[in-house]
Number of protein chains: 2
Amino acid sequence: MTAAEAPRRPKALETQARIFAAALELFRERGYEAATMRAIAERAGVALGNAYYYFRSKEHLIQAFYSRTHEEHLAAVRPRLDRLRDLKSRLLWVMQTKLETIEPYHRFAGIMFRSAADPTSPLNPFSPESDPVRREATTLFALVVDGARTRIPGDLRAELPNLLWLYHMGIVLFWIHDTSPDRRRTSRLMERSVEVIVKLIGIASLPFMLPVRRAALRLLAALRETD
Amino acid sequence: MTAAEAPRRPKALETQARIFAAALELFRERGYEAATMRAIAERAGVALGNAYYYFRSKEHLIQAFYSRTHEEHLAAVRPRLDRLRDLKSRLLWVMQTKLETIEPYHRFAGIMFRSAADPTSPLNPFSPESDPVRREATTLFALVVDGARTRIPGDLRAELPNLLWLYHMGIVLFWIHDTSPDRRRTSRLMERSVEVIVKLIGIASLPFMLPVRRAALRLLAALRETD
DNA sequence: GTCTATAACCGGATAGAC
DNA sequence: GTCTATCCGGTTATAGAC
(Lines give C-alpha, C1' and ligand atoms only; values in the text may rest on other atoms or scores of the structure.)
Protein backbone atom coordinates (compact mmCIF):
# COMPACT_ATOMS: atom_id res chain seq x y z
CA MET A 1 0.00 0.00 0.00
CA THR A 2 2.14 2.89 -1.21
CA ALA A 3 0.43 5.98 0.16
CA ALA A 4 1.45 9.57 0.50
CA GLU A 5 3.66 9.14 3.53
CA ALA A 6 3.82 5.83 5.31
CA PRO A 7 1.92 6.31 8.55
CA ARG A 8 3.72 5.27 11.71
CA ARG A 9 1.06 4.64 14.35
CA PRO A 10 -1.09 1.51 14.27
CA LYS A 11 -4.26 3.54 14.40
CA ALA A 12 -3.18 5.59 11.40
CA LEU A 13 -2.34 2.41 9.56
CA GLU A 14 -5.78 1.10 10.23
CA THR A 15 -7.46 4.29 9.10
CA GLN A 16 -5.48 4.23 5.90
CA ALA A 17 -6.38 0.61 5.31
CA ARG A 18 -10.03 1.41 5.89
CA ILE A 19 -9.96 4.21 3.34
CA PHE A 20 -8.24 1.99 0.83
CA ALA A 21 -10.72 -0.82 1.41
CA ALA A 22 -13.64 1.55 1.00
CA ALA A 23 -12.17 2.83 -2.24
CA LEU A 24 -11.73 -0.70 -3.57
CA GLU A 25 -15.31 -1.57 -2.69
CA LEU A 26 -16.72 1.49 -4.33
CA PHE A 27 -14.57 1.08 -7.41
CA ARG A 28 -15.96 -2.41 -7.77
CA GLU A 29 -19.54 -1.43 -7.05
CA ARG A 30 -19.80 1.78 -9.00
CA GLY A 31 -16.77 2.12 -11.21
CA TYR A 32 -14.15 4.82 -11.01
CA GLU A 33 -16.03 8.02 -11.78
CA ALA A 34 -19.02 7.25 -9.58
CA ALA A 35 -16.78 6.37 -6.65
CA THR A 36 -16.36 9.96 -5.54
CA MET A 37 -13.83 10.90 -2.92
CA ARG A 38 -16.73 12.06 -0.80
CA ALA A 39 -18.37 8.64 -1.02
CA ILE A 40 -15.10 6.85 -0.27
CA ALA A 41 -14.50 9.00 2.79
CA GLU A 42 -18.04 8.45 3.98
CA ARG A 43 -17.88 4.68 3.59
CA ALA A 44 -14.56 4.63 5.43
CA GLY A 45 -16.14 6.71 8.18
CA VAL A 46 -13.66 9.56 7.86
CA ALA A 47 -13.83 13.16 6.75
CA LEU A 48 -13.07 14.08 3.17
CA GLY A 49 -9.96 15.94 4.25
CA ASN A 50 -8.70 12.88 6.04
CA ALA A 51 -8.88 10.78 2.92
CA TYR A 52 -6.68 13.36 1.25
CA TYR A 53 -4.38 13.20 4.23
CA TYR A 54 -3.56 9.59 3.42
CA PHE A 55 -3.86 9.63 -0.34
CA ARG A 56 -2.64 12.74 -2.06
CA SER A 57 -5.10 12.28 -4.88
CA LYS A 58 -7.58 9.85 -6.29
CA GLU A 59 -4.81 8.62 -8.52
CA HIS A 60 -2.60 7.75 -5.59
CA LEU A 61 -5.36 5.51 -4.43
CA ILE A 62 -4.83 3.64 -7.66
CA GLN A 63 -1.08 3.32 -7.19
CA ALA A 64 -1.96 1.50 -4.00
CA PHE A 65 -4.32 -0.65 -6.00
CA TYR A 66 -1.51 -1.61 -8.37
CA SER A 67 0.68 -2.86 -5.54
CA ARG A 68 -2.20 -4.72 -3.99
CA THR A 69 -3.17 -6.62 -7.12
CA HIS A 70 0.44 -7.44 -7.85
CA GLU A 71 0.78 -8.97 -4.41
CA GLU A 72 -2.40 -10.93 -4.95
CA HIS A 73 -1.10 -12.09 -8.29
CA LEU A 74 2.15 -13.25 -6.73
CA ALA A 75 0.25 -15.17 -4.09
CA ALA A 76 -1.85 -16.85 -6.76
CA VAL A 77 1.18 -17.72 -8.89
CA ARG A 78 3.45 -19.20 -6.26
CA PRO A 79 1.79 -22.45 -5.22
CA ARG A 80 2.10 -23.92 -8.68
CA LEU A 81 4.85 -22.20 -10.62
CA ASP A 82 7.64 -24.38 -9.22
CA ARG A 83 6.06 -27.52 -10.52
CA LEU A 84 5.85 -26.27 -14.10
CA ARG A 85 9.00 -26.83 -16.06
CA ASP A 86 8.72 -25.59 -19.63
CA LEU A 87 8.46 -21.95 -20.61
CA LYS A 88 5.09 -22.31 -22.26
CA SER A 89 3.20 -23.75 -19.32
CA ARG A 90 4.92 -21.39 -16.90
CA LEU A 91 4.01 -18.34 -18.93
CA LEU A 92 0.48 -19.62 -19.43
CA TRP A 93 0.05 -20.09 -15.71
CA VAL A 94 1.30 -16.63 -14.85
CA MET A 95 -0.90 -14.97 -17.42
CA GLN A 96 -3.93 -16.97 -16.44
CA THR A 97 -3.62 -16.10 -12.77
CA LYS A 98 -3.03 -12.50 -13.74
CA LEU A 99 -6.35 -12.32 -15.54
CA GLU A 100 -8.12 -13.99 -12.65
CA THR A 101 -6.60 -11.58 -10.16
CA ILE A 102 -7.69 -8.44 -11.94
CA GLU A 103 -11.09 -9.67 -13.11
CA PRO A 104 -13.09 -8.20 -10.19
CA TYR A 105 -11.88 -4.76 -11.18
CA HIS A 106 -12.67 -4.94 -14.85
CA ARG A 107 -15.35 -2.32 -14.54
CA PHE A 108 -13.11 0.49 -13.47
CA ALA A 109 -9.88 -0.70 -15.01
CA GLY A 110 -10.54 1.23 -18.18
CA ILE A 111 -10.82 4.61 -16.60
CA MET A 112 -7.87 3.75 -14.46
CA PHE A 113 -5.85 3.33 -17.62
CA ARG A 114 -6.74 6.81 -18.72
CA SER A 115 -4.19 8.18 -16.36
CA ALA A 116 -1.82 5.35 -17.09
CA ALA A 117 -1.31 6.69 -20.59
CA ASP A 118 -0.51 10.19 -19.40
CA PRO A 119 3.25 10.71 -19.21
CA THR A 120 2.87 13.28 -16.45
CA SER A 121 0.78 10.99 -14.28
CA PRO A 122 2.33 8.97 -11.45
CA LEU A 123 0.21 6.12 -12.72
CA ASN A 124 2.08 5.90 -15.97
CA PRO A 125 3.87 2.53 -15.93
CA PHE A 126 7.07 4.22 -17.06
CA SER A 127 6.96 6.96 -14.45
CA PRO A 128 9.46 7.02 -11.58
CA GLU A 129 6.60 6.44 -9.15
CA SER A 130 5.72 3.22 -10.96
CA ASP A 131 9.29 2.03 -10.96
CA PRO A 132 8.97 -0.26 -7.95
CA VAL A 133 5.80 -1.92 -9.18
CA ARG A 134 7.16 -2.34 -12.68
CA ARG A 135 10.42 -3.73 -11.39
CA GLU A 136 8.61 -6.24 -9.23
CA ALA A 137 6.40 -7.32 -12.07
CA THR A 138 9.40 -7.74 -14.33
CA THR A 139 11.06 -9.82 -11.66
CA LEU A 140 8.16 -12.21 -11.84
CA PHE A 141 8.74 -12.71 -15.54
CA ALA A 142 12.43 -13.20 -14.90
CA LEU A 143 11.39 -15.99 -12.57
CA VAL A 144 9.25 -17.48 -15.30
CA VAL A 145 12.18 -17.51 -17.69
CA ASP A 146 14.82 -18.66 -15.23
CA GLY A 147 12.88 -21.63 -14.00
CA ALA A 148 12.20 -22.92 -17.49
CA ARG A 149 14.37 -25.63 -18.98
CA THR A 150 13.79 -24.20 -22.48
CA ARG A 151 17.08 -23.33 -24.18
CA ILE A 152 17.39 -19.60 -24.96
CA PRO A 153 20.48 -17.68 -26.11
CA GLY A 154 21.91 -15.38 -23.45
CA ASP A 155 21.30 -12.06 -25.16
CA LEU A 156 17.65 -12.81 -25.69
CA ARG A 157 17.24 -14.38 -22.27
CA ALA A 158 18.47 -11.19 -20.63
CA GLU A 159 15.91 -9.08 -22.42
CA LEU A 160 13.04 -11.52 -22.20
CA PRO A 161 11.63 -10.47 -18.82
CA ASN A 162 11.17 -6.91 -20.08
CA LEU A 163 9.62 -8.12 -23.28
CA LEU A 164 7.24 -10.40 -21.44
CA TRP A 165 6.23 -7.59 -19.12
CA LEU A 166 5.45 -5.49 -22.15
CA TYR A 167 3.51 -8.36 -23.67
CA HIS A 168 1.55 -8.77 -20.47
CA MET A 169 0.67 -5.07 -20.54
CA GLY A 170 -0.64 -5.55 -24.04
CA ILE A 171 -2.88 -8.39 -22.92
CA VAL A 172 -4.17 -6.29 -20.07
CA LEU A 173 -4.93 -3.50 -22.50
CA PHE A 174 -6.94 -5.91 -24.61
CA TRP A 175 -8.66 -7.24 -21.50
CA ILE A 176 -9.77 -3.73 -20.62
CA HIS A 177 -11.61 -3.47 -23.90
CA ASP A 178 -13.00 -6.98 -23.79
CA THR A 179 -16.72 -7.13 -23.07
CA SER A 180 -17.23 -10.76 -24.08
CA PRO A 181 -18.76 -13.09 -21.46
CA ASP A 182 -16.18 -14.34 -18.99
CA ARG A 183 -13.63 -12.33 -20.89
CA ARG A 184 -13.40 -15.28 -23.26
CA ARG A 185 -11.78 -13.33 -26.07
CA THR A 186 -8.92 -12.28 -23.85
CA SER A 187 -8.38 -15.84 -22.65
CA ARG A 188 -8.28 -17.12 -26.18
CA LEU A 189 -5.98 -14.35 -27.34
CA MET A 190 -3.71 -14.95 -24.39
CA GLU A 191 -3.45 -18.68 -25.01
CA ARG A 192 -2.78 -18.30 -28.68
CA SER A 193 -0.29 -15.50 -28.22
CA VAL A 194 1.65 -17.47 -25.63
CA GLU A 195 2.01 -20.25 -28.18
CA VAL A 196 3.19 -17.86 -30.86
CA ILE A 197 5.62 -16.20 -28.48
CA VAL A 198 7.19 -19.49 -27.47
CA LYS A 199 7.48 -20.47 -31.12
CA LEU A 200 9.05 -17.13 -31.96
CA ILE A 201 11.55 -17.53 -29.16
CA GLY A 202 12.47 -20.86 -30.67
CA ILE A 203 12.99 -19.35 -34.07
CA ALA A 204 14.88 -16.35 -32.79
CA SER A 205 17.24 -18.75 -31.09
CA LEU A 206 18.33 -20.36 -34.35
CA PRO A 207 21.96 -19.64 -35.25
CA PHE A 208 21.27 -17.91 -38.54
CA MET A 209 18.88 -15.50 -36.81
CA LEU A 210 21.74 -13.98 -34.88
CA PRO A 211 22.03 -10.81 -37.00
CA VAL A 212 18.32 -9.91 -36.85
CA ARG A 213 18.17 -10.82 -33.20
CA ARG A 214 21.09 -8.54 -32.53
CA ALA A 215 19.52 -5.70 -34.48
CA ALA A 216 16.25 -6.09 -32.61
CA LEU A 217 17.97 -6.21 -29.24
CA ARG A 218 20.05 -3.17 -30.04
CA LEU A 219 16.80 -1.47 -30.86
CA LEU A 220 15.46 -2.27 -27.42
CA ALA A 221 18.64 -1.01 -25.83
CA ALA A 222 18.22 2.27 -27.68
CA LEU A 223 14.72 2.51 -26.28
CA ARG A 224 16.17 2.73 -22.82
CA GLU A 225 19.04 5.11 -23.50
CA THR A 226 18.53 8.36 -21.69
CA ASP A 227 19.64 10.76 -24.37
CA MET B 1 -13.37 18.44 -38.42
CA THR B 2 -15.76 15.84 -37.05
CA ALA B 3 -17.85 17.72 -34.52
CA ALA B 4 -21.01 16.94 -32.64
CA GLU B 5 -23.37 17.57 -35.52
CA ALA B 6 -22.14 19.01 -38.78
CA PRO B 7 -23.48 22.56 -38.88
CA ARG B 8 -25.33 23.52 -42.05
CA ARG B 9 -25.23 27.32 -42.29
CA PRO B 10 -22.04 29.13 -43.25
CA LYS B 11 -22.17 31.26 -40.15
CA ALA B 12 -22.34 28.18 -37.94
CA LEU B 13 -19.48 26.64 -39.84
CA GLU B 14 -17.40 29.69 -39.21
CA THR B 15 -18.20 29.79 -35.54
CA GLN B 16 -17.27 26.17 -35.20
CA ALA B 17 -14.01 26.74 -37.05
CA ARG B 18 -13.22 29.67 -34.80
CA ILE B 19 -13.76 27.58 -31.69
CA PHE B 20 -11.61 24.81 -33.05
CA ALA B 21 -8.84 27.22 -34.02
CA ALA B 22 -8.93 28.81 -30.58
CA ALA B 23 -8.68 25.39 -28.99
CA LEU B 24 -5.69 24.45 -31.12
CA GLU B 25 -3.92 27.68 -30.23
CA LEU B 26 -4.51 27.26 -26.54
CA PHE B 27 -3.54 23.61 -26.58
CA ARG B 28 -0.24 24.64 -28.13
CA GLU B 29 0.31 27.60 -25.85
CA ARG B 30 -0.74 26.15 -22.54
CA GLY B 31 -1.16 22.42 -22.88
CA TYR B 32 -4.35 20.48 -22.45
CA GLU B 33 -5.32 21.02 -18.83
CA ALA B 34 -4.62 24.73 -18.82
CA ALA B 35 -6.61 25.24 -21.98
CA THR B 36 -9.92 25.36 -20.19
CA MET B 37 -13.17 25.36 -22.08
CA ARG B 38 -13.79 28.80 -20.66
CA ALA B 39 -10.53 30.10 -22.09
CA ILE B 40 -11.22 28.47 -25.44
CA ALA B 41 -14.69 30.01 -25.60
CA GLU B 42 -13.34 33.39 -24.64
CA ARG B 43 -10.58 33.35 -27.23
CA ALA B 44 -13.10 32.30 -29.85
CA GLY B 45 -15.33 35.14 -28.75
CA VAL B 46 -18.30 32.94 -27.83
CA ALA B 47 -20.00 31.92 -24.64
CA LEU B 48 -19.01 28.76 -22.81
CA GLY B 49 -22.32 27.12 -23.60
CA ASN B 50 -21.86 27.83 -27.25
CA ALA B 51 -18.59 25.98 -27.37
CA TYR B 52 -20.45 22.97 -25.98
CA TYR B 53 -23.07 23.44 -28.63
CA TYR B 54 -20.48 22.65 -31.28
CA PHE B 55 -18.30 20.21 -29.39
CA ARG B 56 -20.10 17.89 -27.05
CA SER B 57 -17.08 17.70 -24.78
CA LYS B 58 -13.49 18.72 -24.55
CA GLU B 59 -12.64 15.29 -25.87
CA HIS B 60 -14.65 15.81 -29.00
CA LEU B 61 -12.46 18.78 -29.67
CA ILE B 62 -9.62 16.32 -29.79
CA GLN B 63 -11.38 14.02 -32.22
CA ALA B 64 -11.45 17.01 -34.51
CA PHE B 65 -7.76 17.46 -33.87
CA TYR B 66 -7.09 13.89 -34.93
CA SER B 67 -8.76 14.42 -38.28
CA ARG B 68 -6.98 17.67 -38.79
CA THR B 69 -3.49 16.32 -38.16
CA HIS B 70 -4.19 13.28 -40.29
CA GLU B 71 -5.11 15.57 -43.16
CA GLU B 72 -1.97 17.58 -42.62
CA HIS B 73 0.04 14.39 -42.56
CA LEU B 74 -1.47 13.25 -45.83
CA ALA B 75 -0.65 16.56 -47.43
CA ALA B 76 2.94 16.29 -46.25
CA VAL B 77 3.29 12.72 -47.45
CA ARG B 78 1.86 13.04 -50.94
CA PRO B 79 4.38 15.15 -52.83
CA ARG B 80 7.12 12.59 -52.41
CA LEU B 81 5.66 9.17 -51.73
CA ASP B 82 5.16 8.32 -55.41
CA ARG B 83 8.82 8.73 -56.17
CA LEU B 84 9.94 6.29 -53.49
CA ARG B 85 9.91 2.70 -54.63
CA ASP B 86 11.06 0.30 -51.93
CA LEU B 87 9.15 -0.43 -48.76
CA LYS B 88 11.84 0.82 -46.45
CA SER B 89 12.17 4.32 -47.86
CA ARG B 90 8.41 4.66 -48.24
CA LEU B 91 7.77 3.69 -44.65
CA LEU B 92 10.58 5.91 -43.45
CA TRP B 93 9.13 8.86 -45.31
CA VAL B 94 5.66 8.36 -43.94
CA MET B 95 6.86 8.01 -40.38
CA GLN B 96 9.17 10.98 -40.66
CA THR B 97 6.46 13.28 -41.95
CA LYS B 98 4.15 11.97 -39.24
CA LEU B 99 6.52 13.02 -36.52
CA GLU B 100 6.99 16.41 -38.13
CA THR B 101 3.26 16.93 -38.39
CA ILE B 102 2.50 16.27 -34.76
CA GLU B 103 5.57 17.93 -33.28
CA PRO B 104 3.90 21.30 -32.55
CA TYR B 105 1.44 19.54 -30.30
CA HIS B 106 3.90 17.53 -28.28
CA ARG B 107 3.13 19.46 -25.17
CA PHE B 108 -0.46 18.43 -24.89
CA ALA B 109 -0.28 15.12 -26.71
CA GLY B 110 0.38 13.25 -23.51
CA ILE B 111 -2.71 14.29 -21.70
CA MET B 112 -4.61 13.76 -24.89
CA PHE B 113 -3.60 10.14 -24.74
CA ARG B 114 -5.06 9.80 -21.29
CA SER B 115 -8.46 9.54 -22.78
CA ALA B 116 -7.18 7.50 -25.66
CA ALA B 117 -6.54 4.61 -23.31
CA ASP B 118 -10.03 4.73 -21.83
CA PRO B 119 -12.29 2.20 -23.52
CA THR B 120 -15.36 4.30 -22.82
CA SER B 121 -13.89 7.39 -24.39
CA PRO B 122 -14.68 8.36 -27.98
CA LEU B 123 -10.98 9.12 -28.29
CA ASN B 124 -10.01 5.52 -27.88
CA PRO B 125 -8.49 4.50 -31.21
CA PHE B 126 -10.58 1.33 -31.17
CA SER B 127 -13.85 3.07 -30.42
CA PRO B 128 -16.60 3.34 -33.05
CA GLU B 129 -16.12 7.10 -33.09
CA SER B 130 -12.49 6.67 -34.04
CA ASP B 131 -13.31 4.20 -36.76
CA PRO B 132 -13.17 6.71 -39.62
CA VAL B 133 -9.87 8.20 -38.55
CA ARG B 134 -8.33 4.81 -37.95
CA ARG B 135 -9.57 3.51 -41.25
CA GLU B 136 -8.12 6.47 -43.09
CA ALA B 137 -4.79 6.12 -41.36
CA THR B 138 -4.67 2.43 -42.18
CA THR B 139 -5.42 3.28 -45.79
CA LEU B 140 -2.28 5.36 -45.85
CA PHE B 141 -0.22 2.38 -44.78
CA ALA B 142 -1.93 0.24 -47.38
CA LEU B 143 -0.73 2.79 -49.90
CA VAL B 144 2.78 2.48 -48.53
CA VAL B 145 2.72 -1.27 -48.99
CA ASP B 146 0.99 -1.36 -52.34
CA GLY B 147 3.33 1.07 -53.98
CA ALA B 148 6.43 -0.83 -52.89
CA ARG B 149 8.11 -3.27 -55.24
CA THR B 150 9.22 -5.41 -52.29
CA ARG B 151 7.96 -8.98 -52.60
CA ILE B 152 5.60 -9.97 -49.77
CA PRO B 153 3.41 -13.08 -49.48
CA GLY B 154 -0.30 -12.38 -49.87
CA ASP B 155 -1.46 -13.33 -46.40
CA LEU B 156 1.07 -11.07 -44.76
CA ARG B 157 0.54 -8.29 -47.26
CA ALA B 158 -3.16 -8.19 -46.45
CA GLU B 159 -2.49 -7.75 -42.75
CA LEU B 160 0.47 -5.43 -43.06
CA PRO B 161 -1.42 -2.11 -43.16
CA ASN B 162 -3.04 -2.89 -39.82
CA LEU B 163 0.25 -3.97 -38.35
CA LEU B 164 1.98 -0.86 -39.55
CA TRP B 165 -0.77 1.32 -38.15
CA LEU B 166 -0.27 -0.40 -34.82
CA TYR B 167 3.49 0.09 -35.10
CA HIS B 168 2.97 3.75 -35.86
CA MET B 169 0.80 4.08 -32.74
CA GLY B 170 3.64 2.59 -30.75
CA ILE B 171 6.08 5.14 -32.10
CA VAL B 172 3.68 7.94 -31.27
CA LEU B 173 3.36 6.58 -27.77
CA PHE B 174 7.12 6.67 -27.41
CA TRP B 175 7.21 10.17 -28.89
CA ILE B 176 4.78 11.34 -26.25
CA HIS B 177 7.19 10.33 -23.53
CA ASP B 178 10.25 11.61 -25.33
CA THR B 179 11.73 14.75 -23.82
CA SER B 180 15.07 14.63 -25.64
CA PRO B 181 16.04 17.71 -27.70
CA ASP B 182 14.40 17.71 -31.11
CA ARG B 183 12.79 14.43 -30.15
CA ARG B 184 16.02 12.80 -31.24
CA ARG B 185 15.40 9.56 -29.39
CA THR B 186 12.15 9.01 -31.21
CA SER B 187 13.76 9.70 -34.57
CA ARG B 188 16.51 7.22 -33.86
CA LEU B 189 14.10 4.61 -32.59
CA MET B 190 11.90 5.11 -35.60
CA GLU B 191 14.73 4.72 -38.08
CA ARG B 192 16.10 1.63 -36.42
CA SER B 193 12.73 0.04 -36.00
CA VAL B 194 11.84 0.60 -39.64
CA GLU B 195 14.99 -1.28 -40.56
CA VAL B 196 14.16 -4.15 -38.25
CA ILE B 197 10.60 -4.30 -39.50
CA VAL B 198 11.65 -4.50 -43.11
CA LYS B 199 14.15 -7.21 -42.22
CA LEU B 200 11.50 -9.12 -40.32
CA ILE B 201 9.12 -8.90 -43.24
CA GLY B 202 11.85 -10.41 -45.38
CA ILE B 203 12.34 -13.27 -42.96
CA ALA B 204 8.64 -13.86 -42.44
CA SER B 205 8.33 -14.20 -46.18
CA LEU B 206 10.68 -17.19 -46.35
CA PRO B 207 8.92 -20.42 -47.36
CA PHE B 208 9.76 -22.36 -44.19
CA MET B 209 8.29 -19.60 -42.05
CA LEU B 210 4.83 -20.34 -43.38
CA PRO B 211 3.59 -22.21 -40.26
CA VAL B 212 4.61 -19.54 -37.77
CA ARG B 213 3.38 -16.80 -40.06
CA ARG B 214 0.04 -18.56 -40.31
CA ALA B 215 -0.19 -18.96 -36.54
CA ALA B 216 0.61 -15.32 -35.99
CA LEU B 217 -1.88 -14.15 -38.59
CA ARG B 218 -4.58 -16.38 -37.16
CA LEU B 219 -3.85 -14.73 -33.85
CA LEU B 220 -4.47 -11.33 -35.35
CA ALA B 221 -7.70 -12.54 -36.89
CA ALA B 222 -8.84 -13.74 -33.47
CA LEU B 223 -8.13 -10.28 -32.14
CA ARG B 224 -10.80 -8.91 -34.39
CA GLU B 225 -13.48 -11.56 -33.87
CA THR B 226 -16.54 -10.11 -32.24
CA ASP B 227 -17.47 -12.92 -29.88
C1' DG C 1 1.34 13.30 14.30
C1' DT C 2 -3.72 12.20 13.45
C1' DC C 3 -8.08 13.73 12.53
C1' DT C 4 -12.51 16.53 12.01
C1' DA C 5 -15.49 19.82 10.01
C1' DT C 6 -16.57 23.29 6.86
C1' DA C 7 -16.06 26.43 3.31
C1' DA C 8 -14.24 27.58 -0.90
C1' DC C 9 -12.02 27.22 -5.61
C1' DC C 10 -11.88 25.52 -10.10
C1' DG C 11 -13.19 23.67 -14.41
C1' DG C 12 -16.14 20.38 -17.09
C1' DA C 13 -20.78 19.94 -18.17
C1' DT C 14 -25.93 21.06 -18.45
C1' DA C 15 -30.53 23.73 -18.38
C1' DG C 16 -33.24 26.76 -19.99
C1' DA C 17 -34.19 31.50 -21.27
C1' DC C 18 -33.77 34.63 -25.29
C1' DG D 1 -27.38 29.55 -32.05
C1' DT D 2 -26.13 31.89 -28.32
C1' DC D 3 -26.16 33.33 -23.65
C1' DT D 4 -26.35 33.20 -18.39
C1' DA D 5 -26.83 30.66 -14.37
C1' DT D 6 -26.08 26.55 -12.09
C1' DC D 7 -24.62 21.89 -10.85
C1' DC D 8 -21.21 18.60 -9.71
C1' DG D 9 -17.02 16.53 -8.07
C1' DG D 10 -11.85 16.78 -7.47
C1' DT D 11 -9.05 19.45 -4.78
C1' DT D 12 -7.37 22.89 -1.39
C1' DA D 13 -7.44 25.76 2.69
C1' DT D 14 -8.26 26.65 7.27
C1' DA D 15 -8.87 26.29 11.95
C1' DG D 16 -8.98 23.67 15.53
C1' DA D 17 -9.33 19.14 18.55
C1' DC D 18 -6.97 14.95 20.49
Side-chain angles (χ1 to χ4, degrees), chain A residues 1 3-20 22-23 26-27 29-65 108 111-112 114-115 118 120-123, chain B residues 1 3-20 22-23 26-27 29-65 108 111-112 114-115 118 120-123:
Chain A
M1 193 144 25
E5 295 91 18
R8 319 258 160 235
R9 319 276 275 291
K11 189 186 169 195
L13 238 152
E14 206 243 281
T15 306
Q16 184 181 37
R18 224 168 53 237
I19 295 169
F20 182 56
L26 286 168
F27 285 158
E29 287 172 24
R30 310 188 188 171
Y32 184 75
E33 309 269 71
T36 68
M37 287 299 276
R38 285 166 176 86
I40 291 169
E42 190 184 358
R43 165 111 24 145
V46 301
L48 176 61
N50 201 12
Y52 275 98
Y53 177 78
Y54 284 108
F55 298 91
R56 264 204 279 283
S57 74
K58 207 174 172 183
E59 295 192 343
H60 280 82
L61 225 22
I62 292 182
Q63 271 288 356
F65 166 78
F108 88 96
I111 303 161
M112 188 176 80
R114 277 178 86 105
S115 319
D118 174 3
T120 68
S121 159
L123 289 189
Chain B
M1 191 144 26
E5 294 89 20
R8 322 260 160 231
R9 317 281 274 294
K11 187 189 169 195
L13 238 153
E14 206 244 280
T15 307
Q16 185 180 36
R18 225 169 52 237
I19 295 169
F20 182 57
L26 286 169
F27 284 158
E29 288 173 23
R30 310 188 189 171
Y32 183 75
E33 309 268 69
T36 68
M37 287 298 279
R38 283 166 175 84
I40 291 169
E42 190 184 358
R43 164 112 24 145
V46 301
L48 176 61
N50 201 13
Y52 276 100
Y53 176 78
Y54 284 106
F55 298 92
R56 262 204 278 284
S57 74
K58 205 173 172 185
E59 296 191 341
H60 280 80
L61 224 23
I62 292 182
Q63 272 287 357
F65 166 77
F108 88 97
I111 302 160
M112 188 177 80
R114 277 178 87 106
S115 320
D118 174 2
T120 68
S121 160
L123 289 188

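Since the model is a prediction, treat every value here as computed from it, not as a measurement.
The CD1 atom of Ile19(A) sits 7.0 Å away from atom CD of Gln16(A), with the distance rounded to the nearest 0.5 Å. For the atom pair CZ of Phe20(B) and OH of Tyr54(B), the computed distance is 15.0 Å after rounding to the nearest 0.5 Å. Atoms OH and CD, on Tyr32(B) and Glu59(B) in that order, are 5.5 Å from each other to the nearest 0.5 Å. With rounding to the nearest 0.5 angstrom, the CZ atom of Phe27(A) is 10.5 Å from the CD atom of Glu33(A).
The side chain of Asn50(B) places no N or O atom within less than 4.0 Å of a non-bridging phosphate oxygen (OP1 or OP2) of dG1(D). Between dC3(D) and Tyr53(B), no contact under 4.0 Å exists linking OP1 or OP2 to a side-chain N or O. Note on Tyr52(B): a side-chain N or O is less than 4.0 Å away from OP1 or OP2 of dA13(C). Checking the phosphate oxygens (OP1, OP2) of dT2(D), a side-chain nitrogen or oxygen of Thr15(B) falls inside 4.0 Å.
Side chain of Leu48(B), nearest nucleotide from dA5(D), dT4(C), dT2(D): dA5(D).
The closest side-chain heavy-atom distance from Thr15(B) to Tyr53(B) is not below 4.5 Å.
Taking atom CG of residue Leu26(A) and atom C1' of nucleotide dG9(D), one finds them 15 Å apart after rounding to whole Å. Rounded to an integer number of Å, the gap from Glu59(B) CD to dG11(C) C1' is 14 Å. Here the P atom of nucleotide dA13(C) and the OH atom of Tyr54(B) are 19 Å apart, to the nearest Å. Going from atom CD of Gln16(A) over to atom C1' of dG1(C) covers 14 Å, rounded to whole Å. The OH atom of Tyr32(B) sits 14 Å away from the P atom of dG11(C) (whole-angstrom rounding). Here dG1(D) presents its C1' atom at 12 Å from CZ of Arg18(B), a figure rounded to the nearest Å. One atom, CG of Leu61(B), and another, P of dA13(C), lie 10 Å apart when rounded to the nearest Å.
Of the possible donor and acceptor atoms, one in the side chain of Arg18(B) sits under 3.5 Å from a partner among the backbone N and O of Ala44(B).
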Short heteroatom pairs, N/O only, protein and nucleotides 13-18 of chain D, under 3.5 Å:
none

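Nearest-nucleotide positions on DNA chain D place Lys11(B) closer to the 5' end than the other of Lys11(B) and Lys58(A).
Contact between Ala22(B) and Ile40(B) at its shortest, heavy atoms only, is CB-O, 3.7 Å. Smallest separation of non-hydrogen atoms from Met37(A) and Ala51(A): CE-CB, 4.4 Å.
Annotation: salt bridge (charged side-chain N to carboxylate O under 4.0 Å, His left out) contacts involving residues 41-54 of chain B, sequence neighbours excluded, comprise Glu25(B)-Arg43(B), Glu29(B)-Arg43(B).
Within residues 34-43 of chain A, the residues approaching DNA chain D are Thr36(A), Met37(A), Arg38(A), by heavy-atom distance under 4.0 Å.
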